[in-house]
Amino acid sequence: MATGAAAVVVAAGAGLGLWAGGGDGGGGGGGEPAGSARRTSAGEPVRRAPGTPEPSPTHPLSSAPRTIPAVGAHTPARGPGWRPERGHRVVVGDPDLADEGRLIAGELGMTYGGQNGEVRAGDVRLALGDDEGADPEAYTMTVRGGRVTITAADDAGVFYGTRTLKQAVRAGGSAPEGVVRDDPAKPQRGFMLDIARKHFDAGWIEDRVRELGDLKFNQLGLHFSDDQGFRIESGTHPEVVSKDHLTKAQVRRIVELAESRHITVVPEIDSPGHLGAVIAAHPDLQLRDAQGVAASGAVDISDPDAAGIVDDLLNEYADLFPGAPWHLGGDEYRALTASDPEASYPQLAAAAREAYGADGTVADLATGWLNDRAETVRAQRKTPRAWNDGFYRDASVAADERIQVAYWTGKEIGARQPAEYLSAGRQVINYNDEFLYYVLGEPQTFVYPTGQRIYEQWNPRVLRGTEAVPARYDGQILGGTFAVWCDLAGAQTQQQVAEGIRMPLRATVQKLWDPGEPPLDWPEFKALADRLG
């Protein structure tokens with residue numbers, strides 16, 4: 001795992017054989033006296049492939065490529081590096097890498113040579129290794145003898161290697177000689193977009209997918225149902241869909257583009273709160289208190305029809321979003337903000353006692369709702385997650401332990417520290433609203449997060465506020481997600497949102513790829529981001 005600043009591994013001494021032909025493991029020692037034979041560590045003469053230039057001892061040792069996120073380790077070497085030129089090709093060692101090969105070839109103005117065992121001078125070769133059990137997102141990039149080889153156990157790792165190559169060329173004009181070995185610290189690196197409160201054009205979302213791919217994010221969350229709107233076409237319940245919405249064909253294109261960048265789209269239909277758009281079409285499902293006052297956005301979870309319509313929608317979109325993660329929401333259910341939920345909502349109290357016995361509570365009933373929705377999506381082979389304030393401290397019914405915790409706040413009634421979830425063995429995803437929430441219009445106490453603050457003060461263990469949880473919990477923190485919420489939808493245009501999140505996204509992924517001290521200070525990091533575009 002990449003757990004510290006980008007490491008530069010300098011080969012000590014000469015004659016280490018790192019320029020020997022073949023393999024992917026070499027940088028260069030260089031520096032032999034004029035006329036001396038270059039030899040491997042076993043004492044054998046180095047044999048160069050025909051057409052391979054002799055590395056000049058006058059070349060200084062290379063530096064690590066400048067990329068966002070920074071590479072984990074780079075073994076420097078002496079040599080001119082590699083730059084794309086007319087006639088250079090991208091070839092692949094496996095047909096499964098055709099998409100990655102075509103993409104990087106087009107980006108660098110090269111020819112795609114397909115699956116080809118012959119490697120020429122100037123070629124970029126993409127290959128899959130046979131290292132069973134290796135991190136599928138790890139890769140090795142070797143620049144040697146006028147060629148580039150990118151290898152990984154999985155096509156995701158190869159793709160990330162091509163992102164490093166693309167950025168290296170863009171930042172410095174060439175990929176530096178030597179070997180990059182790189183892998184992410186966290187398996188989930190996400191960006192979430194609230195398209196329910198504000199409609200975003202499909203083309204704008206596709207642009208973000210391309211941006212996320214180049215930055216090595218691997219999840220895109222779409223929060224598409226809330227009080228203000230329901231934004232994806234529905235066949236089972238067309239009556240709930242807002243006028244401005246994405247068609248299923250548009251969503252499929254977004255999903256396909258995301259898959260080509262090794263990004264999983266994570267849908268969210270929040271319930272049992274935040275269902276105002278559904279309630280607008282089905283007012284009979286709205287929760288009302290003992291005086292008949294409606295609870296904004298909340299459905300009556302004692303009514304089987306409420307569960308029926310939500311399950312219809314969850315099942316309908318299962319095939320549209322083929323990835324495993326599924327966000328169930330679960331937060332801010334109005335009944336549980338009352339000082340005495342059982343007295344305020346007697347129908348919920350009665351349903352709780354019927355389901356869970358004489359001591360059943362509204363919190364038990366809400367937990368049962370969450371568990372039932374989790375079961376619905378698990379039947380579709382999905383992995384459920386829910387907001388941390390959908391897990392109730394005082395409920396006698398426990399939330400299913402397989403539901404991942406999306407930890408965003410410590411401001412709810414009965415708030416618990418992140419360590420309580422972690423000590424119970426739960427997996428957690430960091431959505432810390434102190435650093436990772438970009439809320440349009442800055443309502444309540446929210447302010448637009450800055451890339452610099454994330455870069456200098458946040459890491460994945462900082463789940464709530466500014467304090468990190470103990471290091472022993474690091475393995476349970478799956479990663480983090482930077483979120484755009486559109487509470488005041490008109491406060492910014494799409495273009496302003498894209499510009500506002502530009503540096504925060506880059507800072508976030510740097511700390512998810514490597515949570516340690518970054519190799520660049522903030523002005524250097526920002527200058528690099530500007531250079532990379």
Side-chain angles (χ1 to χ4, degrees), residues 190-201 204-205 208 220-232 240-246 266-280 286-287 294-299 327-337 385-390 406-413 415 429-451 453-454 458 463-465 480-505 508:
F191 168 62
M192 194 226 76
L193 182 64
D194 173 11
I195 64 171
R197 293 179 176 93
K198 182 181 179 71
H199 175 66
F200 287 85
D201 297 338
W204 188 92
I205 298 173
R208 300 289 73 71
L220 167 64
L222 293 179
H223 175 92
F224 66 92
S225 170
D226 213 302
D227 296 342
Q228 295 81 356
F230 192 101
R231 302 291 183 179
I232 296 179
V240 307
V241 179
S242 302
K243 179 182 178 181
D244 293 326
H245 65 272
L246 299 174
V266 183
E268 181 186 357
I269 299 176
D270 200 344
S271 78
H274 295 280
L275 282 172
V278 171
I279 291 168
Q286 187 160 30
L287 176 65
S296 176
V299 294
H327 206 315
L328 296 171
D331 62 314
E332 299 179 330
Y333 187 50
R334 296 286 182 175
L336 289 167
T337 64
R385 67 179 64 164
W387 299 113
N388 63 285
D389 53 332
Y407 198 98
W408 72 281
T409 189
K411 301 181 179 74
E412 77 275 18
I413 296 172
I429 305 154
N430 191 325
Y431 287 76
N432 187 336
D433 63 347
E434 180 81 12
F435 289 92
L436 306 180
Y437 263 34
Y438 191 94
V439 185
L440 296 197
E442 301 181 306
Q444 302 175 44
T445 60
F446 289 107
V447 295
Y448 292 128
T450 67
R453 187 161 182 260
I454 296 168
W458 180 83
L463 284 160
R464 172 178 172 176
T481 296
F482 185 88
V484 170
W485 293 102
C486 302
D487 292 41
L488 301 175
Q492 289 192 342
T493 65
Q494 292 183 144
Q495 182 178 353
Q496 288 172 322
V497 173
E499 180 57 33
I501 66 177
R502 180 175 170 274
M503 289 309 300
L505 282 177
T508 299

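If you're wondering where the values come from, they're calculated on a predicted model, not measured in any experiment.
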Next on the checklist: Would Ile501 and Phe191 count as a side-chain contact (heavy atoms from CB on, under 4.5 Å) here? Give the steps.
Outcome noted: CA-CA 10 Å; Ile501 66 177; Phe191 168 62; 3.7 Å; yes
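- For Ser242 (side chain) and Phe230 (main-chain N/O), a donor-acceptor pair under 3.5 Å exists by modelled atom type.
- Taking CG from Asp389 and OH from Tyr333, the interatomic distance works out to 14.5 Å, rounded to the nearest 0.5 Å.
- Leu440 is listed as a side-chain neighbour of Cys486, based on a closest heavy-atom distance under 4.5 Å.
- Here the closest heavy-atom approach between residue Ala489 and residue Arg197 is recorded as CB-O, 3.5 Å.
- When side chains are defined from C-beta on, Ser225 counts as touching Leu275, because their heavy atoms get closer than 4.5 Å.
- Taking 4.5 Å as the limit, every side-chain heavy atom of Val241 sits out of range of all side-chain heavy atoms of Ile232.
- Remark: Glu332 CD to Thr337 OG1 distance equals 9.5 Å, nearest 0.5 Å.
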Checklist entry - Does the side-chain contact (heavy atoms from CB on, under 4.5 Å) test come out yes or no for Leu246 and Ile205, once each step is laid out? => result CA-CA 11 Å; Leu246 299 174; Ile205 298 173; 4.0 Å; yes
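- Here the closest non-hydrogen pair linking Val497 and Val484 is CG1-CG1, 4.2 Å.
- Atom CG of residue Leu436 and atom CE of residue Met192 lie 11.5 Å apart, to the nearest 0.5 angstrom.
- Listed for the Glu499 side chain is no donor-acceptor partner under 3.5 Å among the backbone atoms of Gln496.
- Taking the six-membered ring for Trp and thresholds of 30 and 60 degrees, Tyr437 and Trp408 have nearly parallel ring planes, at less than 30 degrees apart.
- Distance check, rounded to the nearest 0.5 Å: CD of Gln492 to OH of Tyr448 gives 4.0 Å.
- At a threshold of 4.5 Å between non-hydrogen side-chain atoms, the residues Ile454 and Thr508 count as touching.
- Nearest heavy-atom pair across Gly330 and Pro272 is CA-CD, 4.4 Å.
- Smallest separation of non-hydrogen atoms from Gln286 and Ser296: NE2-CA, 4.1 Å.
- Not one N or O on the side chain of Lys198 forms a donor-acceptor pair closer than 3.5 Å with the backbone of Leu488.
- By the 4.5 Å heavy-atom criterion applied to side chains, Val266 and Leu220 are not counted as neighbours.
- Looking at heavy atoms from C-beta onward, Pro449 lies in side-chain contact with Phe482 at the 4.5 angstrom threshold.
- Side-chain contact between Asn432 and Leu463 is absent, with no heavy-atom pair separated by less than 4.5 Å.
- Counting heavy-atom neighbours within 6.0 Å of Arg334 CZ, excluding the residue itself, gives a total of 12 or less.
- When the options Asn388, Asp331, Leu336 are evaluated for a side chain to side chain contact (heavy atoms under 4.5 Å, CB included) with Glu412, the one that passes is Asn388.
- Using a distance-only test at 3.5 Å, with no hydrogens or angles considered, a donor-acceptor pair links the side chain of Arg231 to the main chain of Asp244.
- In this view, Trp387 and Glu268 satisfy the side-chain hydrogen bond (donor to acceptor under 3.5 Å, both in side chains) rule, not counting sequence neighbours.
- For Arg464 (side chain) and Gly410 (main-chain N/O), a donor-acceptor pair under 3.5 Å exists by modelled atom type.
- The side-chain tip of Arg453 points at the ring of Phe435 from less than 6.0 angstrom away and within 45° of straight on.
- At least one donor-acceptor pair closer than 3.5 Å links the side chain of Thr409 to the backbone N or O of Lys411.
- Summarising the geometry, atom NE2 belonging to His223 is positioned 5.5 Å from atom CG belonging to Asp270; distances are rounded to the nearest 0.5 Å.
- Heavy atoms only, all atoms of each residue included: Asp227 and Gly297 are closest at OD1-CA, 3.3 Å.
- Asp201 pairs by the side-chain hydrogen bond (donor to acceptor under 3.5 Å, both in side chains) definition with Gln494, not counting sequence neighbours.
- Using a 4.5 Å heavy-atom threshold, the side chains of Tyr431 and Tyr407 count as separate.
- Under the 3.5 Å distance criterion, the side-chain polar atoms of Asp194 are left unmatched by any main-chain donor or acceptor of Trp485.
- Of the possible polar contacts, none joining the Asp226 side chain to the Gly229 backbone as a donor-acceptor pair under 3.5 Å is found.
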Checklist entry - Does the pair Ile429 and Thr481 meet the rule for a side-chain contact (heavy atoms from CB on, under 4.5 Å), with working shown? => result CA-CA 7 Å; Ile429 305 154; Thr481 296; 4.0 Å; yes
